[in-house]
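The structure under discussion appears below in the form of structure tokens.
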Amino acid sequence: LTLAVVLPRRNLTYPWAWPRVGPAVRLAAAAVNARRDLLPGFTLGWVFGDSEDRHGLCSEMAAPLVAVDLRLAHQPAAFLGPGCVYSAAPVARFTSHWRLPLLTAGAEAHGFDDKSEEFGLTTRAGPSHRKLGELGVQLHRRFNWTRRALLVYWDERVDDRPYYFAAEGLYVQLPTLRNLTVMDVVFRHGGNFSFIIHEIKAKGR
């Protein structure tokens, strides 16, 4: 049996980068193969594909191409990764079409909660932003914050946009509280902070 691993090769800013995850994959494969009762008649192996672009960032183009190459060359039984949202989404759509499971520590975005079709075989081992949204709902109920919520977050529209997707979980879940108005203010590096403060004053009350 072959496990296809699609992760960033070098960039350690990602918690699921290969230098961090690789040792665990090797140990897990060795542990499974040492127990002949787990997969009788099979040996578990793995092949690796790099999901980084030439700048070392997660790539929504490189990851699906690598996944297709691994699928054609090795016929894997399952995929591990990618973790980044924009890389994981197209690969998860492919693996769903191939009827192969995909396990990831990332893919935190709210859209991956939809198990009805394209992400039906995707399993997230890490946290999801939906859970952050549900926590926000519980905090609003606990403290009786019933009128308005203002989400202020940084978004450079590059790489994996972690703050945007974290805010999305709150933005989607908070309206489940009846009559609660949810608004957002986005700021970027070098932005006008006086404008942001004015927006918070105007919209946060």
Side-chain angles (χ1 to χ4, degrees), residues 7-8 11-17 20-21 51 53 55 57-61 63-64 81-93 95-96 102-205:
L7 294 171
N11 192 337
L12 292 176
T13 61
Y14 301 115
W16 43 77
R20 299 181 190 277
V21 177
S51 65
D53 64 14
H55 303 292
L57 301 176
C58 281
S59 170
E60 66 268 29
M61 184 176 74
C84 297
V85 170
Y86 287 120
S87 300
V91 175
R93 292 183 183 105
T95 58
S96 178
L102 183 149
L103 176 65
T104 177
E108 311 98 321
H110 198 275
F112 288 93
D113 291 333
D114 182 6
K115 301 301 181 184
S116 62
E117 192 172 338
E118 57 187 354
F119 303 125
L121 294 176
T122 300
T123 299
R124 295 178 292 181
S128 74
H129 293 321
R130 178 187 182 89
K131 292 298 182 183
L132 175 64
E134 291 173 354
L135 171 64
V137 169
Q138 292 303 316
L139 286 173
H140 276 71
R141 284 182 177 147
R142 171 68 177 82
F143 294 105
N144 198 31
W145 298 334
T146 56
R147 292 175 52 210
R148 181 171 302 205
L150 179 64
L151 306 176
V152 183
Y153 62 94
W154 181 58
D155 184 22
E156 284 289 344
R157 297 180 182 270
V158 295
D159 198 15
D160 215 38
R161 302 176 71 187
Y163 309 111
Y164 169 82
F165 286 112
E168 179 194 35
L170 290 161
Y171 196 85
V172 172
Q173 291 298 314
L174 285 175
T176 61
L177 294 166
R178 297 182 64 183
N179 299 321
L180 180 71
T181 301
V182 182
M183 308 182 80
D184 66 299
V185 175
V186 183
F187 65 95
R188 298 179 177 86
H189 182 69
N192 185 338
F193 290 98
S194 296
F195 171 76
I196 294 169
I197 292 170
H198 176 75
E199 286 288 282
I200 293 171
K201 181 179 178 181
K203 297 178 180 178
R205 295 182 178 179

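Remember, it's a predicted structure, so these values are computed and weren't measured experimentally.
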Next on the checklist: Applying side-chain hydrogen bond (donor to acceptor under 3.5 Å, both in side chains), can you list everything that pairs with D114, at least two apart in sequence or on another chain?
Outcome noted: S116
Item to check | Residues in salt bridge (charged side-chain N to carboxylate O under 4.0 Å, His left out) contact with D113, at least two apart in sequence or another chain | outcome: R124, R130
Checklist entry - Do you know which two heavy atoms are closest between A89 and F119, and how far apart they sit? => result O-CE2, 3.8 Å
Item to check | Residue pair W16 / C84, side-chain heavy-atom distance below 4.5 Å | outcome: yes
Item to check | Geometric class of the H140/W145 ring pair [parallel <30°, tilted 30-60°, perpendicular >60°] | outcome: perpendicular
Checklist entry - In chain order, what residues pass the side chain to side chain contact (heavy atoms under 4.5 Å, CB included) check against F165, with sequence neighbours excluded? => result V85, Y86, A109, H129, R161, E168
Item to check | Gap between atom CD of E108 and atom OG of S128 - 0.5 Å precision | outcome: 9.0 Å
Item to check | With E118 via side-chain hydrogen bond (donor to acceptor under 3.5 Å, both in side chains) - residues at least two apart | outcome: R93
Checklist entry - Under the side chain to side chain contact (heavy atoms under 4.5 Å, CB included) criterion, do T146 and L177 qualify, and how do the steps go? => result CA-CA 8 Å; T146 56; L177 294 166; over 6 Å; no
Checklist entry - How close do S59 and P64 get, heavy atom to heavy atom, and via which atoms? => result O-CD, 4.3 Å
Item to check | Distance-minimising heavy-atom pair for T104 and P82 | outcome: OG1-O, 2.7 Å
Item to check | Non-neighbouring partners of K115 that pass salt bridge (charged side-chain N to carboxylate O under 4.0 Å, His left out), sequence neighbours left out | outcome: none
Next on the checklist: Using every non-hydrogen atom in the two residues, find where L7 and G83 come nearest and quote the distance to one decimal.
Outcome noted: CD2-N, 4.3 Å
Checklist entry - Shortest non-hydrogen contact from T176 to V172? => result CG2-O, 4.4 Å
Checklist outcome for this item: When every non-hydrogen atom of G81 is compared with those of V91, the smallest separation belongs to O-CG1, 4.4 Å
Checklist outcome for this item: Between the OG1 atom in T13 and the CG atom in L57, the distance rounded to the nearest 0.5 Å is 7.5 Å
Item to check | Partners passing side chain to side chain contact (heavy atoms under 4.5 Å, CB included) against L170 (at least two apart in sequence or in another chain) | outcome: L132, L151, L174
Checklist entry - Donor-acceptor pair, S96 side chain versus E117 backbone, under 3.5 Å? => result yes
Checklist entry - Side chains of T123 and F112: closer than 4.5 Å at any heavy-atom pair? => result no
Checklist entry - Counting only N and O atoms by type, is there a donor-acceptor contact under 3.5 Å from the side chain of Y171 to the main-chain atoms of D184? => result no
